[in-house]
Undergrad: 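Encoded as structure tokens, here's the structure I'll be asking about.
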Protein chains: 2
Amino acid sequence: MSYTVHEVAKLSGVTIKTLYHYQKIGLLMPESIAENGYRYYGDKELEQLQQILFYRELDFSLGKIKTAMQNEPSRLRCLCEQKTLLMARQQRISRILHTLEEAITYAEKGAAMSKEKMFAGLNKQEWEVALKPQNEYLHENYSYSIDMGTIDADAMNEKANEASDFITFMSNALRNGVSVNANEVHSVIDKHIQFLQRDMKIDAQSFAAQSKFLMTDEFHRQMLEKQQTGLSYYICFAAESYAGK
Amino acid sequence: MSYTVHEVAKLSGVTIKTLYHYQKIGLLMPESIAENGYRYYGDKELEQLQQILFYRELDFSLGKIKTAMQNEPSRLRCLCEQKTLLMARQQRISRILHTLEEAITYAEKGAAMSKEKMFAGLNKQEWEVALKPQNEYLHENYSYSIDMGTIDADAMNEKANEASDFITFMSNALRNGVSVNANEVHSVIDKHIQFLQRDMKIDAQSFAAQSKFLMTDEFHRQMLEKQQTGLSYYICFAAESYAGK
DNA sequence: TATAAGGTCTGACCTGAGGTTGGAGTCAAG
DNA sequence: CTTGACTCCAACCTCAGGTCAGACCTTATA
């Protein structure tokens, strides 16, 4: 199947000029060029274009896109990476939106925001840190948020792993439609609480309360939601169900 | 309170050069310029800068930003509009993400996507349509799933549409990470309840209770969850947050 | 008090990702 | 065989800054 510039443009939303530009810089070559100079694109080229547009959405420069696509010829892996990045971007917009909402409530009151808050999510330096390996980021942040006040590195690692396991389980349970009243959910919460009890006094009630509290913290909530949509709410309910048993 | 270029740059994340540029094109003037030529920015200027950055995030050109800020001197209304636009953008990213995910599953199977699907969300023409009346778009996608088994066509249609809009909104809100405490969520619940009140006596508390009750009914829960993982939990929380306001 | 280190101002030039204009060739339909 | 839509290509323009370079200012320290 071959497409003319016009067809490709209509399908993908880029202009003909842009296609030409991409050809000139060697980013996307036509499948074939007829004797009259007309350019024709095939299915493979469309896939490439799609990928280019995903990257462009992420504000990659065309040069970077080119090298990225050369270095990682596996379409699948490219796509997966793009997904990660796009999710990170969504995250960033969430933060900005949050800042914006705060700005609105301050403006309504006629009050002034703190200068750092004002630019949360907008300040790129800060944001680039959050961009990179989200997983570490999740780990770090989660563990740090649970065990404030401990120092020992190894123990901390163990805690991070436990927390991560717990979250993974809950995430799977939610995806699989397991009810918050299910026994396996309760028993995992039970184990998790037992683990927590090593460091702090905590019981079912206060765990439920704490889950709820965590939800009020936007940052935390987003972290869970990033892992699985709806997770923060699910955990909260599960904790409540467990506590009310 | 006055800030030097350096301080503003660090706070906001823009470069000094950019500040200079904004001054040159008259987008953001310093509060005062000392005799030695040094520029100083005050709190008002920081607020303006914040707003500029919000707009920039939305890919407004600097010229447009300038006129936008001149035409709408009310900071509050500016912010609210920006919020709407930013939420629209987030939805667009959601769509792209969805396309990306589909691309991944197709790639895993080694199959080919349909050409239109391939560019869903990326194609700007199409997207601009989706940008403005977001609601129509929502209609199409959802209305079919709610209104099975209706009797009175017209009245039911209205109800179906309302319910459908409500659920779709909540679903998007959840996907986009909007907090259950967010004003827009509350106001949508408010509207929904007002709508319900036409047919039955219901207030915030009983709505929250009913949401919770719905959750205990596996059939209803699964229906919501099928639409969007985590949705039943989210709605429940949102209702509670609304009731507790 | 001199000097170094670091901020600051300004203009001139560069860049990337296209858009615009315009002249000329090409295609399909009536 | 003409008309209207499509295509090619080159030269030039734009926008939002970045880079570089030279000169000036401020503050801390020797």
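Sequence lines set the chain letters: A, B, ... in the order given, protein chains first and strands last, and positions in each chain run from 1.
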Undergrad: Answer yes if the ring centres of A/Tyr41 and A/Tyr3 are under 6.0 angstrom apart, and no otherwise.
TA: no
Undergrad: Hey, which sits more toward the 5' end of DNA chain C by its nearest nucleotide, A/Gly63 or B/Glu7?
TA: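 The residue closer to the strand's 5' end, by nearest nucleotide, is B/Glu7.
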Undergrad: Which comes earlier along DNA chain C counting from the 5' end, the contact point of B/Lys17 or that of B/Thr4, where each point is its nearest nucleotide?
TA: B/Thr4
Undergrad: Roughly, in whole Å, what's the span from CD1 in B/Ile16 to C1' in C/dT8?
TA: 8 Å
Undergrad: Check this one for me: any side-chain N or O of B/His6 less than 4.0 Å away from OP1 or OP2 of C/dT8?
TA: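 Yes.
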Undergrad: Below 4.0 angstrom from OP1 or OP2 of D/dA16, is there any side-chain N or O of B/Arg56?
TA: no
Undergrad: CG of B/Leu49 versus P of D/dG17: gap in Å, rounded?
TA: 11 Å
Undergrad: Quick one: does any side-chain atom of B/Lys115 pair with a main-chain N or O of A/Asp43 as donor and acceptor, under 3.5 Å?
TA: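 No; judged by distance alone, with no hydrogens or angles, the pair does not exist.
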Undergrad: Without hydrogens or angle criteria, can the side chains of B/Gln50 and B/Arg75 be said to hold a donor-acceptor pair below 3.5 Å?
TA: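 There is such a pair (donor and acceptor under 3.5 Å, judged by atom type) between the side chains of B/Gln50 and B/Arg75.
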Undergrad: Quick one, which residues of residues 20-48 of chain A touch DNA chain C with a heavy atom under 4.0 Å?
TA: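 Within residues 20-48 of chain A, the residues near DNA chain C are A/His21, A/Tyr22, A/Asn36, A/Tyr38.
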Undergrad: Choose from D/dG18, C/dT8, D/dG17 the nucleotide whose nearest atom is closest to any side-chain atom of B/Thr15.
TA: D/dG18
Undergrad: Can you tell me the distance, in whole Å, between the NZ atom of A/Lys10 and the C1' atom of D/dT7?
TA: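 Rounding to the nearest Å, NZ of A/Lys10 and C1' of D/dT7 are 16 Å apart.
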Undergrad: Measure CG/A/Leu19 against P/C/dA17 and give the value in whole Å, please.
TA: 15 Å
Undergrad: What is the separation between atom OH on A/Tyr55 and atom C1' on C/dA17, rounded to the nearest whole Å?
TA: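 It is 19 Å, rounded to the nearest whole Å.
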Undergrad: In whole angstrom, what separates A/Ile52's CD1 from C/dA17's P?
TA: 12 Å
Undergrad: Are any side-chain N or O atoms of B/Thr99 and backbone N or O atoms of B/Ala120, one a donor and one an acceptor, separated by less than 3.5 Å?
TA: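 It does hold such a pair.
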Undergrad: What about A/Phe60 and A/Tyr55, are their ring centers closer than 6.0 Å?
TA: yes
Undergrad: Which heavy-atom pair separates B/Leu27 from B/Gln48 by the least distance, and what is that distance?
TA: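 Of all heavy-atom pairs spanning B/Leu27 and B/Gln48, the closest is O-OE1, 4.4 Å.
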Undergrad: Nearest heavy-atom pair of A/Ile104 and B/Leu76: which atoms, and what distance?
TA: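 Closest heavy-atom pair between A/Ile104 and B/Leu76: O-CD1, 3.8 Å.
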Undergrad: Looking at the side chain of B/Val5, which of C/dC9, D/dT7, C/dG19 is the nearest nucleotide?
TA: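 Among the listed nucleotides, the one closest to the side chain of B/Val5 is C/dC9.
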